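Contents: one structure, followed by commentary.
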Amino acid sequence: MKSLSVIVPCYNEEAVIEVTYNRIHAVLQQLTHLESHILFINDGSSDDTLGILSRIAVHDKNVKIIHFSRNFGHQAAVTAGINHCKTELAVIIDADLQDPPEIIPDLLQKMEDEQANVVYCVRKSRAGENKFKLWSARRFYRAMNSMSEVKFPLDTGDFRLIDARIVEEFNRMKERGKYIRGLISWVGFKQVPFYYEREARYAGETKYPLRKMLSFASKALLYFSKKPLLLSVSLGFLAVCVGVLLALWYAFGKIFGYTNAESGFTSIMIIVIFFGGIQLLTIGVLGQYIGILFDEVKERPEYIIDHTTNF
Ligand code: UDP
Ligand code: MG
């Protein structure tokens, strides 16, 4: 009998977590040919998520919980789930029921039919999301693909079914700043899409405010692409070309008398500001990569577990 873990990261999800459990549990009960667990990762919630999960875990021994010592973020929570699942198959799913658990049997079927190692879920539509989020996510996934060395499937979150091969390779990755959907694409093997309608959040608020969205996007870009550095070089090159042309223009102007040196204030200001800006920008880009190196060389653990339940 094969075994399946459903990995659910939760951060302050008291409004939905019980319904989420019920819906996932109902789906797993139909899958009689599988031995299945639900693995909740409580990512340092400050509401009653811990209390509700603990109560559920008393009655259902197939519910395992990892409690973090504080909030380490969505990607760290999913990472902990993958690190701790000992099953042949694993589904990663959000706690807010935007990803309907009812399609898990279809994912399993698809994996079997196509003999795939990953079935990733592609959103055909997204309900209950504001225009800005839809637009920015769309732009982001397309921009990422043009910048990154690895190609990512478009409009895909972390909602997916993976097998033990992927889990094993994922667990070998030592980088701390994990962009999970990118890393799983990067691993390779056979990965197939499954199209679904993404629902609106069942209850509660998004745990990804703009600030977190931006930091998530920049992490993805910096970890998967060196293009921003190349872009800095191109900008520098462009600046040098402009500089050489200007130098020639002024030098010849001096010789042939078509420029008036005293009236150069405006042009000098423009040049100083423009090139100053380019320099700060490119140093900033460089700084971002150095920041990543700084974080990575410290080799701190990605998350700290306070305690676990039913392990
Ligand atoms: N989440 C988490 N830690 C965080 C933020 C979010 O574990 O610091 C979980 C959250 O509980 C949910 C999933 O990650 O299960 C996705 O978050 P959310 O639904 O708020 O993001 P959105 O769908 O709005 O992008
Ligand atoms: Mg959500």
Side-chain angles (χ1 to χ4, degrees), residues 5-24 38-53 56 63-85 90-101 103-104 120-123 125-141 144 155-160 176-182 196-220 302-306 308:
S5 298
V6 179
I7 298 170
V8 195
C10 331
Y11 176 52
N12 290 347
E13 299 286 9
E14 64 179 3
V16 294
I17 202 69
E18 189 140 23
V19 185
T20 306
Y21 163 72
N22 288 333
R23 276 178 57 182
I24 296 176
I38 309 179
L39 176 49
F40 288 103
I41 299 91
N42 173 24
D43 183 12
S45 302
S46 52
D47 64 0
D48 197 32
T49 303
L50 181 142
I52 300 171
L53 285 178
I56 294 172
V63 169
K64 296 168 189 268
I65 317 174
I66 296 174
H67 296 284
F68 281 179
S69 62
R70 63 168 173 86
N71 179 248
F72 282 92
H74 177 205
Q75 299 290 291
V78 176
T79 300
I82 299 176
N83 292 162
H84 287 83
C85 78
V91 168
I92 304 165
I93 191 167
D94 280 357
D96 60 0
L97 295 169
Q98 281 192 293
D99 309 326
I103 69 172
I104 292 175
Y120 56 89
C121 300
V122 183
R123 316 182 261 251
S125 65
R126 287 179 92 168
E129 218 77 80
N130 67 39
K131 283 226 170 65
F132 175 73
K133 180 142 187 167
L134 291 178
W135 173 82
S136 57
R138 231 186 121 72
R139 294 301 339 137
F140 168 69
Y141 288 111
M144 265 306 285
D155 304 317
T156 307
D158 288 328
F159 185 25
R160 60 189 66 213
R176 266 136 263 276
K178 287 207 172 64
Y179 176 60
I180 293 167
R181 56 200 76 165
Y196 78 114
E197 320 273 347
R198 189 164 164 97
E199 290 169 18
R201 193 174 234 289
Y202 179 81
E205 304 226 304
T206 174
K207 308 298 177 301
Y208 268 98
L210 186 63
R211 179 180 50 81
K212 271 197 190 172
M213 252 164 71
L214 288 176
S215 103
F216 183 66
S218 68
K219 185 172 103 186
E302 281 163 81
Y303 51 83
I304 291 174
I305 295 176
D306 181 335
T308 58

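Remember, predicted model here, so these are calculated numbers, not experimental data. Counting convention: from 1, in listed order, for ligands and their atoms alike.
Within ligand 1, the atoms closer than 4.0 Å to a non-hydrogen atom of Lys212 are 4 (C), 5 (C), 8 (O), numbered from 1 in the order shown. In summary, the atoms of ligand 1 found under 4.0 Å from a heavy atom of Pro9, numbered by their order in the structure, are 7 (O), 9 (C), 10 (C), 11 (O), 12 (C), 15 (O). Distances below 4.0 Å separate heavy atoms of Cys10 from the following atoms of ligand 1: 7 (O), 11 (O). The contact set between ligand 1 and Asn71, taken as ligand atoms under 4.0 Å from a residue heavy atom, comprises 3 (N), 4 (C), 8 (O). Ligand-side atoms of ligand 1 in range of Arg201: 18 (P), 19 (O), 20 (O), range being under 4.0 angstrom from any heavy atom.
Remark: the backbone N or O of Glu13 is not paired with any side-chain donor or acceptor of Asp96 at under 3.5 angstrom. Proximity of a side-chain donor or acceptor of Lys212 to a complementary backbone N or O of Leu210 within less than 3.5 Å is not detected. Using modelled atom types, one side-chain atom of Thr206 and one backbone atom of Tyr208 make a donor-acceptor pair closer than 3.5 Å. In this structure, the side chain of Asp155 does not engage the main chain of Arg123 through any donor-acceptor pair within 3.5 Å. A donor-acceptor contact shorter than 3.5 Å links the side chain of Lys219 to the backbone of Lys178.
Using a non-hydrogen distance threshold of 4.0 Å, Arg198 registers as a contact of ligand 1. Not a single heavy atom of Met213 sits under 4.0 Å from any atom of ligand 1.
Comparing heavy-atom distances from atom 22 (P) of ligand 1 across Lys133, Glu13, Lys207, His74 singles out Lys133 as nearest.
If you check the side chains of Tyr303 and Asp43, you find no donor sitting under 3.5 Å from an acceptor.
Annotation: cation-pi geometry not satisfied between Arg138 and Phe140 (NZ/CZ under 6.0 angstrom from ring centroid, within 45° of ring axis).
The nearest heavy-atom contact from the protein to atom 16 (C) of ligand 1 is Asp94 OD2, 3.4 Å. Considering only non-hydrogen protein atoms, atom 24 (O) of ligand 1 sits nearest to Thr206 OG1, 2.5 Å. Looking at atom 23 (O) of ligand 1, its nearest protein heavy atom turns out to be Gln98 OE1, 2.6 Å. For atom 19 (O) of ligand 1, the closest non-hydrogen atom on the protein side is Asp96 OD2, 2.6 Å. Atom 17 (O) of ligand 1 has its closest protein heavy atom at Tyr208 CD1, 3.9 Å.
The distance criterion of under 3.5 Å between nitrogen or oxygen atoms is not met by Ala77 with respect to ligand 1. The shortest N or O to N or O distance between Asp43 and ligand 1 is below 3.5 Å.
Tyr196 OH: more than 12 foreign heavy atoms inside a 6.0 Å radius.
Closest non-hydrogen pair, Ala80 versus Phe68, comes out as CB-CZ, 3.5 Å.
How far CD1 of Ile17 is from CD1 of Ile52: 7.5 Å, rounded to the nearest 0.5 Å.
For residue Asp96, an N/O/S atom approaches the Mg ion (ligand 2) to within less than 2.8 Å. In summary, Tyr208 places no N/O/S atom under 2.8 Å from the Mg ion (ligand 2), failing the contact criterion.
Applying the side chain to side chain contact (heavy atoms under 4.5 Å, CB included) test between Leu50 and each of Ile65, Asp306, Asn42 identifies Asn42 as the sole match.
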